[in-house]
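Inspection log for the structure reproduced underneath, given as structure tokens.
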Amino acid sequence: MAITPKMSLLIKNCRLSIKNKLYVKNILIRNGKISKITSKEPKADEIIDAKDNFVMPGLIDCHVHFREPGLTHKEDFLTGSMAAAKGGVTTVLDMPNTLPPTTTIEALEEKRKLAAKSIVNYGFNFGATTDNLSDLKKAKNIAAVKLYMDSTTGELKVDDYETIAEIFKISKITIIHAEDISVKTAIDIFVSNKIKNKLHVAHVSSEKELEYAKQNKIKKQVTAEVTPHHLFMNEKDLQSLGAFAEMKPRLKTEHDQKALWKGVHDGTVDLIATDHAPHLKEEKEKANYPFGVPGVETMLPLLLDAYNNKKIDLSTIMKLCCENPAEIFRIKNKGILKEGYDADLVIVDLEKRQAVRNQDLLTKCRWSPFEGKILKGWPITTIVNGNVVYDDGKINDVKARELKF
Ligand code: DOR
Ligand code: ZN
């Protein structure tokens, strides 16, 4: 059902957690925004009954590779966003290692046009290179600047410390892909140059990396991200999955995995993001397979299953997947359910038990490292800007918007 902006939508019987207390309320949506959260039953053009299911803010995934332009055999903004919607993710920030890479103003503007087919809201991370500082300064309406300090898919590595310091100075937020000791190097450069901007450490994968990040979490200036694959898998999974569990950074030991979970609970980890990095099965089966795994569709089910196993509570999921990403990436009017905020939300069935099945996936690559895993807790309806874009297995192709920073 597409709710046009003038229409109103009432979602009845929503189980909500507001400031850590549970309520059953009705949510009235008007003009794509949450107009009322109420115990009354206001009139509306359309009504959805959430049947006492838990309703949470749509997830904000600040780290996806939707592969457009140039790599659309793996994913594109439509398929990636469909997978996101199915996974309860209502906003994504796309990464720059496309073809061409998003490292010039022209490439950014081209990507902007291509992304218009997305059914979830989107923003762009601009890529830093050794020689694009003038483009970095000019780039309009970007979420952050992505800096690769270690090699990965694409050719975007920057090694020169002075250039790195310059990039930190220019960019309001720099997201670094750094592994192991490079995390320390990045933070040392950041601190010694007395940078006033922010540094976000992508996909922290080990106890050591988390320690480096933790020591320098100065005034919320340095933030740390973990991925669902590093939380829900470890190096032992490589034995059965091989290339299908190979990503950068690589899966670590069970001890590291535990340290990441501890970070989730003690606040050292600021957010969870998928690093959704789809590659085709055929590509993964080759000897020189590419690194990366898809994840945007399975993050929320994995976390809800962890909730059902008493490993995490719902308020922590909402903090790390909705509230904190909105705050860190200064995404306005999103990340919490509040009157006046955007109507980006997801109805989840905490009791639904279902296996992850490749054939059900909407990502173009159509496989998951979690295939076969039975999870309890699934998104059932996803609403973006007041439009139902996913409901009970079906996608409704209503276009979303670019974020405004
Ligand atoms: O495993 C990865 N795959 N890590 C990255 O940093 C990039 C990504 C990709 O684009 O495939
Ligand atoms: Zn990535």
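Order of appearance sets the numbers: ligands from 1, and atoms from 1 within every ligand.
At a 4.0 Å heavy-atom cut-off, ligand 1 does not touch Val293 at all. Heavy atoms of His177 found under 4.0 angstrom from ligand 1 belong exclusively to the side chain. Counting heavy atoms under 4.0 Å from ligand 1, residue Lys146 does not touch it at all. Proximity of Lys248 to ligand 1, defined as any heavy-atom pair under 4.0 Å, is shared by backbone and side chain alike.
Taking every non-hydrogen atom of Met247 and a distance limit under 4.0 Å, the qualifying atoms of ligand 1 come out as 1 (O). Listed by atom number, the atoms of ligand 1 under 4.0 Å from His279 heavy atoms are 11 (O). Which parts of ligand 1 touch Ala277 is read off a 4.0 Å heavy-atom cut-off, strictly below it: atoms 3 (N), 8 (C), 9 (C), 11 (O).
Not a single donor-acceptor pair under 3.5 Å links the side chain of Lys198 to the backbone N or O of Thr223.
In this structure the side chain of Phe66 reaches within 4.5 angstrom of the side chain of Val92, judged on heavy atoms.
Each of Arg366, Lys364, Lys117, Lys74 was checked for a side-chain contact (heavy atoms from CB on, under 4.5 Å) with Thr79, and the lone residue meeting it is Lys364.
The residues Lys208 and Glu211 are annotated as not salt-bridged, no charged nitrogen and carboxylate oxygen being separated by less than 4.0 angstrom. Using a cut-off of 4.0 Å between Lys/Arg side-chain N and Asp/Glu carboxylate O, Lys111 and Asp94 are scored as salt-bridged. Between Lys113 and Glu109 no salt bridge is recorded (no basic side-chain N to carboxylate O distance below 4.0 Å). A salt bridge between Lys236 and Glu254 is present, with a side-chain N of the basic residue lying under 4.0 Å from a carboxylate O of the acidic one.
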Should Lys376 and Glu351 be marked as a salt bridge (Lys or Arg N to Asp or Glu O under 4.0 Å) after you check the CA-CA gap, both sets of side-chain angles, and the distance that decides it?
CA-CA 6 Å; Lys376 184 178 172 191; Glu351 300 299 318; 3.6 Å; yes
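Look at His63 and the Zn ion (ligand 2): an N/O/S atom of the residue is under 2.8 Å from the metal. The nearest N, O or S atom of His65 is closer to the Zn ion (ligand 2) than 2.8 Å.
The distance criterion of under 3.5 Å between nitrogen or oxygen atoms is not met by Tyr148 with respect to ligand 1.
Evaluated by nearest non-hydrogen atom to atom 11 (O) of ligand 1, the leading choice among His229, His65, Arg67 is Arg67.
Residue Asp275 approaches the Zn ion (ligand 2) most closely through its N/O/S atom OD1.
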